[in-house]
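The sequence lines fix the lettering, A, B, ..., with proteins before strands; numbering per chain opens at 1.
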2 protein chains.
Amino acid sequence: MLKTSDEKYLRAIYSVSHSENKQKVSLSDLAYYLDLKPPTVLERLHVLQKEKFISYTKTEGVVLTKSGEKEALNVIRKHRVWETFLHKVCKFGWNEVHEMAEQLQNVNSEKLIDRIYTLSGEPKFDPHGDPIPDKSGKLPVSVRRPLLNSIEGCRCLVLGVNEDSAEFLNYLTDLNIGLNEKLSVEKVFGYDGSLKIKYKNSESVILSPKVAEKILVTCTKHGCACK
Amino acid sequence: MLKTSDEKYLRAIYSVSHSENKQKVSLSDLAYYLDLKPPTVLERLHVLQKEKFISYTKTEGVVLTKSGEKEALNVIRKHRVWETFLHKVCKFGWNEVHEMAEQLQNVNSEKLIDRIYTLSGEPKFDPHGDPIPDKSGKLPVSVRRPLLNSIEGCRCLVLGVNEDSAEFLNYLTDLNIGLNEKLSVEKVFGYDGSLKIKYKNSESVILSPKVAEKILVTCTKHGCACK
DNA sequence: TTATTTTTTTAGGTATGCCTAATTTTAGTA
DNA sequence: TACTAAAATTAGGCATACCTAAAAAAATAA
């Protein structure tokens, strides 16, 4: 059986390796993310490596093995299922749930996760818009659609773009919109179909239909009415 | 803030001190209950004493202070609320819930306990028939009634007796029925009002109306139909 | 009342999970 | 290329929460 503390590390490695602009998970990145000192993390990495959950070299950084990734996705599942439950069933605000879920995810009962997931309506995304892996660790396959076809109040996740020109990509970079960015559609202007988008929990911008058409997203709210 | 591990000890002390025939909580009793060795427990008792949660002398054994009892009842509340939730909302069997509740009770959010208690219908007793203390640590005031007035399927708790003769008390002792015993009424014989009672999860006995009249109980199922 | 057993206490010891300080290695820059 | 800054590593330490073995104290029985 996996220790609570191993799970913490595996989840962190997964998160860091999937964050933007990271092609390598360095020791110091990981230590920073975990709010621990590098020697502490290093020591644990050696253990995780012996247990075959990761491989680590100072040049390649930390890489999850197949079994390490599976475990990581399992913790992520537990965490996100709890967050969903706290939000949907217990009616906590989406901003309150993280800390509680952090503790709840350590409770060790697959059956309990199943039950509370059922009680929550089995959505594919948690209250923050992050996808919930299934029991085997698979992430939900998302239906991609242009951001343009959004209705007001829609919350969605950026999965890709429809154009690769440097101009377009630079524009998005300037706006600070990247892959896996979570967007909230504040307003749809009927006149030309422009969209007011809020993201990073504060930034907000109006996108022209030409741009919105090129951004591919997937809705993250269960049963969203977007086409 | 109280540590998880302190809570474990305080709950154990409370439980042992309230178990049958215990007028003193000895170090070895406590160690046995916690499944730890006496030196380990002793060490912690010194700490708890310094924190003013208990007083301990080898002659008096362990005694909770006011504040220690309050903390103990708080953990007990958390534990029993979780058990209730797991049983009523998550539909686990009453025999499955203890272990999960043991872990869940460590999650530190009074607000969460409130929410799941509400979701569970705010009963006064947990699925094992044990009373759930309120936030201030008060145990529910029970309506005492003679066991005789029970309907089939009733589950109740022995609160006392109506007769103090040695004969009667010895009879109960022989049957292994004591204070706080949880009884389940298996059958009511209409002919003379005898009751078939099951308890200690296996023992079962038929009590005459004369005896059943003298045993005072309180129903532990929410909204039980007993008079 | 002494002998025996049980309970309590003391005195070390171990594993875990974190730390700081100092050193080595690597990478970036002048 | 040599210098400097950053990252990785080593070495040693600390607190927690357990343990065993042995001594001291108390309770029980002969």
Can you say whether the rings of Phe85(B) and Trp82(B) are parallel (under 30°), tilted (30 to 60°) or perpendicular (over 60°)? perpendicular
Can you check the [X] [atom1] to [N] [atom2] distance for me, whole Å?
{"X": "Arg44(A)", "N": "dC19(C)", "atom1": "CZ", "atom2": "C1'", "result": "14 Å"}
{"X": "Leu42(B)", "N": "dA17(D)", "atom1": "CG", "atom2": "C1'", "result": "14 Å"}
{"X": "Glu60(B)", "N": "dT7(C)", "atom1": "CD", "atom2": "C1'", "result": "16 Å"}
{"X": "Asp6(A)", "N": "dC18(C)", "atom1": "CG", "atom2": "C1'", "result": "15 Å"}
{"X": "Leu34(A)", "N": "dC19(C)", "atom1": "CG", "atom2": "C1'", "result": "15 Å"}
{"X": "Leu45(B)", "N": "dA17(D)", "atom1": "CG", "atom2": "P", "result": "14 Å"}

Would you classify Tyr32(A) as touching base, sugar-phosphate or nothing, given that sugar-phosphate means primed atoms plus P, OP1 and OP2, and contacts are heavy atoms under 4.0 Å?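 The residue Tyr32(A) makes no contact with any strand.
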Going by distance alone, is a donor N or O of one side chain under 3.5 Å from an acceptor N or O of the other, for Asn170(A) and Thr173(A)? no
I'd like to know if the side chain of Glu69(A) pairs up with that of Ser67(A) as donor and acceptor (distance under 3.5 Å, no hydrogens or angles considered). no
N-O pairing of Glu43(A) and Lys37(A) below 4.0 Å: no
Tell me, please, whether Tyr117(A) has Arg80(A) positioned over its six-membered ring: NZ or CZ under 6.0 Å from the ring centre and within 45 degrees of its axis?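 Judged by the rule (NZ or CZ under 6.0 Å from the ring centre, within 45° of its axis), Arg80(A) is not positioned above Tyr117(A).
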Using salt bridge (charged side-chain N to carboxylate O under 4.0 Å, His left out) as the criterion, list what pairs up with Lys214(B), not counting sequence neighbours. Glu163(B)
Quick one, give me the B/S/- string for nucleotides 19-26 of chain D, reading 5' to 3', where B means a protein heavy atom under 4.0 Å from the base and S means that only happens at the primed atoms, P, OP1 or OP2. BBB---SS
Are any non-hydrogen side-chain atoms of Arg155(A) and Leu183(A) less than 4.5 angstrom apart? no
Side-chain heavy-atom pair Leu86(B), Leu112(A) within 4.5 angstrom cut-off: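 Leu86(B) vs Leu112(A): side chains touch.
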Would you jot down, in residue-number order, the residues of residues 23-30 of chain B having a non-hydrogen atom under 4.0 Å from DNA chain D? none
